[in-house]
Asks: 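For reference, the structure I am asking about is given below.
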Amino acid sequence: MPKAATKRGGKAEKKRAKKDPNAPKRGLSAYMFFANEQRENVREENPGISFGQVGKTLGERWKALNEKQRLPYEAKAATDKKRYEDEKAAYNAAPDDDDSA
DNA sequence: CTCTTGATTGTTCTT
DNA sequence: AAGAACAATCAAGAG
């Protein structure tokens with residue numbers, strides 16, 4: 001095993017309570033932006049499909065795209081990530097408010 | 001330093 | 001309202 005085996009073979013876990021004080025939520029993922037655009041397209045090509053089908057079709061198409069196709073999505077993901085960086089920055093720079101310091 | 005895990009993000013549909 | 005498959009992610013913690 002070259003690296004982390006990661007038991008990512010199952011399914012997503014449930015949500016968990018935040019442990020950080022200001023919990024700097026991460027930015028969105030390329031998939032988020034991709035879904036935003038494709039969700040309409042997918043539903044258009046698959047009229048009347050269940051959520052399960054949409055979700056799966058979405059994922060399959062996601063990988064079906066080329067790197068350049070994901071570019072616009074990854075680009076947005078990076079842009080949103082920057083948003084997160086700002087939070088993280090403040091989160092690290094502001095463990096607790098206190099002007100005096 | 002390097003790996004592991006946990007937490008998070010948004011969509012859609014169902015109940 | 002919230003949960004669940006779908007994929008990415010990436011930052012912090014632990015050794």
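Just so it is clear: chains get the letters A, B, ... in the order the sequence lines come, proteins before strands, and each one is counted from 1. As the structure is a computational prediction, the values presented were derived from the model and not from experiment. When reading the values below, keep in mind they use all heavy atoms of this one structure, side chains included, and skip hydrogens, waters and symmetry mates.
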Asks: Got a sec, which pairs hit salt bridge (charged side-chain N to carboxylate O under 4.0 Å, His left out) with one end in residues 72-81 of chain A, sequence neighbours left out?
Replies: A/Arg70-A/Glu74, A/Lys81-A/Glu85
Asks: Which nucleotide sits closest to the side chain of A/Lys25: B/dG10, B/dT9, C/dA11?
Replies: B/dT9
Asks: For A/Glu67 and C/dA7, give me the distance from atom CD to atom P, rounded to whole Å.
Replies: 17 Å
Asks: Aromatic contact between A/Phe33 and A/Tyr73, with the criterion being ring centroids under 6.0 Å apart: yes or no?
Replies: no
Asks: Could you give the CD-to-C1' distance, from A/Gln53 to B/dT11, as a whole number of Å?
Replies: 14 Å
Asks: Going only through I, L, V, M, F, W and Y residues with side-chain contacts under 4.5 Å, is there a path from A/Phe34 to A/Tyr84?
Replies: no
Asks: Quick one: are A/Val54 and A/Asn46 in side-chain contact, heavy atoms under 4.5 Å?
Replies: no
Asks: Over all strands shown, is A/Arg39 touching base, sugar-phosphate only, or nothing at heavy-atom distances under 4.0 angstrom?
Replies: sugar-phosphate
Asks: Got a second to check how far A/Gln69's CD is from A/Trp62's CH2, nearest 0.5 Å?
Replies: 10.5 Å
Asks: Between atom CG of A/Asn36 and atom CG of A/Leu28, what is the distance when rounded to the nearest 0.5 Å?
Replies: 8.0 Å
Asks: C/dA8 P sits how many Å from A/Glu37 CD, rounded?
Replies: 18 Å
Asks: How far does CZ of A/Arg43 sit from CD of A/Glu40, to the nearest 0.5 angstrom?
Replies: 9.0 Å
Asks: What residues from residues 55-66 of chain A pass a heavy-atom cutoff of under 4.0 Å to DNA chain C?
Replies: A/Gly55, A/Lys56, A/Gly59, A/Trp62, A/Lys63
Asks: Over how many whole Å does the gap from A/Gln69 atom CD to C/dA7 atom C1' extend?
Replies: 17 Å
Asks: Of all of residues 71-84 of chain A, which get a heavy atom below 4.0 angstrom from DNA chain C, listed by number?
Replies: A/Glu74, A/Lys81, A/Tyr84
Asks: Distance check needed: B/dT8 C1' versus A/Tyr31 OH, whole Å only.
Replies: 16 Å
Asks: If you only use heavy atoms from C-beta on, which nucleotide in C/dA7, C/dA12, C/dA8 is closest to the side chain of A/Lys88?
Replies: C/dA12
Asks: Say whether, by atom type as modelled, one donor and one acceptor occur between the side chain of A/Glu87 and the main chain of A/Lys25 under 3.5 angstrom.
Replies: yes
Asks: Can a donor-acceptor pair be found between the side chains of A/Asn41 and A/Glu44 at a distance below 3.5 Å?
Replies: no
Asks: With no angle test and no hydrogens, is the base of C/dT9 tied to the side chain of A/Arg26 by a donor-acceptor pair under 3.5 Å?
Replies: yes
Asks: Measure from CD1 on A/Ile49 to C1' on B/dT11 and round the result to the nearest Å.
Replies: 12 Å
Asks: Nearest whole angstrom, please: distance from the P of C/dC6 to the CG of A/Asn41.
Replies: 20 Å
Asks: Between B/dT9 atom P and A/Asn36 atom CG, what is the distance in whole Å?
Replies: 14 Å
